[in-house]
Amino acid sequence: MDVSMTLWVLTILGLCALIAADFFIGRKPHDVSVKEAGIWTVVWIVLAALFGLGLLFFGNGQASGEFFAGFITEKSLSVDNLFVFILIMAKFSVPSHLQQRVLLFGVLIALVLRAIFIAAGAAVIANFSWVFYIFGAFLIYTAWKLIQEARSGEEEEEFEENRLLKSVEKKFGVADKYHGTKLFVEKNGKKILTPLMVVMLAIGTTDVLFAMDSIPAIFGLTQDPYIVFTANAFALMGLRQLYFLIGGLLKKLVHLSYGLSVILGFIGVKLVLHALHENGVNVPEISIPVSLGVICGVLVITTITSLIAAKKQTAAEESQKDSIGA
C-alpha cells in the first residue's frame, strides 16, 4: 500500500486527537466501573473496525485484511499482557482511582517505543530479506516456550523491576507515598519521582518486552509499516479499558497461552514459508484470509474451552467445600 507523507501525518494527528479526547474524558481520577469500561472498549473496537473498512474502500482488500489480522493478533497478545499489568499494579500498591491514569501514560510510552521498534524492523526487512527466517524461528520458539509454561502450571511470578527502572529510581529518588496525580515532588530542595511516575515507567518499559514477540508476529502478517503501526496503535489504545473490563475474567482464560502459542507458531511458519518463497524456493504461501480465519478460529476455540474448564474447576472447588463442610 502506497502511503504518502500527508496520510502519515494525518493519521498520527488523528490518533493524537483520539488519545487527547480519551485523556480529557477520563482526566479526573476515579474508579472505573465495568459499564464505563465496556462502553469505551466497544468504542475503540468500532473505531478500529471503521479504520479497517476505510482501508478497504480507499485502499484495497489486502490492506484491510492485513490490518484486521494484525489488529486481532495484537489485541489477543495484549490480553495476555494484562496479567503482568495486574502484577505491576499490585507490586506498587496503586490506588484504584489512579490506575486508569497509570495505564493511559504507560500505554503512551509503550506506543512511542513500539513506533521506534516498527521503524527499525521495517528498515531491516527492507534491506535484509533473511531476517524473516530469524523472526519465524523466534516466533516458533516463543510458541514452544508458551506451551511449556502453560503445561508447567506454575503460578504467575511476582513482578521484578528491570535494570532501567532501578537505575532511574536510584538516580532521581522516589517518594515514600502517592501524591495524587503528581509525577514529581520536591524533597529537601530536590525533585524526586512519585510512585505514580515509577509505575507508569514500569508499564511502558515492560511493554517493550512484549513487543519482542508481537512486532515480529505482525510483520509476519504484513510488511507495510503503516498497517503495522496503526494495528498496534488501535490495539494498545483500547488496552486501558480492556484492563478494567476483563481484569476479573483473566483467570478464567486458562487456555489463553495455548491459543497464543498456536497463533505465534502459525505466523512463524508463515514467515519461514514467505522467506523461502522470496529466495526462489517453490513453496506455498499462506494468504491473509487464511491467516485471519486461523487467528479468529483459534481465539474462539480457546475462549470456549477456557470458560468450560473454568466452570468445571469452580464446580469442583464448590463440591470440595461442601464435602469438607459436611
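- For the pair K191 (side chain) and F184 (backbone), a donor-acceptor distance under 3.5 Å is absent.
- Under the 4.5 Å side-chain criterion, counting only non-hydrogen atoms from C-beta, L47 is in contact with W44.
- No chain of hydrophobic side-chain contacts below 4.5 Å, direct or via other Ile, Leu, Val, Met, Phe, Trp or Tyr residues, connects Y178 to I192.
- Heavy atoms from other residues, nucleotides or ligands lying under 6.0 Å from CD of Q223 number more than 12.
- Annotation: the span from L53 atom CG to F58 atom CZ amounts to 10.5 Å, rounded to 0.5 Å.
- Between L221 and T73 there is a side-chain heavy-atom pair separated by less than 4.5 Å.
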*Going through the distances and angles, do H255 and T302 end up as a side-chain hydrogen bond (donor to acceptor under 3.5 Å, both in side chains)?*
CA-CA 6 Å; H255 296 160; T302 299; over 6 Å; no
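- At a threshold of 4.5 Å between non-hydrogen side-chain atoms, the residues F71 and N232 do not count as touching.
- Judged purely by atom type and a 3.5 angstrom limit, S64 uses its side chain to pair as donor or acceptor with the backbone of G52.
- With rounding to the nearest 0.5 Å, the separation of CD in Q99 from CZ in R101 is 13.5 Å.
- In this structure, the side chains of E66 and I218 stay at 4.5 Å or more apart for every pair of heavy atoms.
- When atom types are taken as modelled, the side chain of T194 and the backbone of K182 share a donor-acceptor pair closer than 3.5 angstrom.
- Here CD1 of I118 is found 12.0 Å from CD1 of I227. Values are rounded to the nearest 0.5 Å.
- Using a 4.5 Å heavy-atom cutoff, the side chains of I267 and S291 are not in contact.
- V262 and Y141 are members of different hydrophobic clusters when ILVMFWY side chains are connected at heavy-atom separations under 4.5 Å.
- If you check the side chains of T11 and Y226, you find a donor sitting under 3.5 Å from an acceptor.
- In this structure, F234 and F67 have perpendicular ring planes: the angle between them is above 60°, well past the 30° mark.
- Using a 4.5 Å cut-off between side-chain heavy atoms of Ile, Leu, Val, Met, Phe, Trp and Tyr, with links allowed through other members, V185 and M197 fall into different hydrophobic clusters.
- Transitive grouping of hydrophobic side chains (ILVMFWY, heavy atoms separated by less than 4.5 Å) keeps V269 and I147 in distinct clusters.
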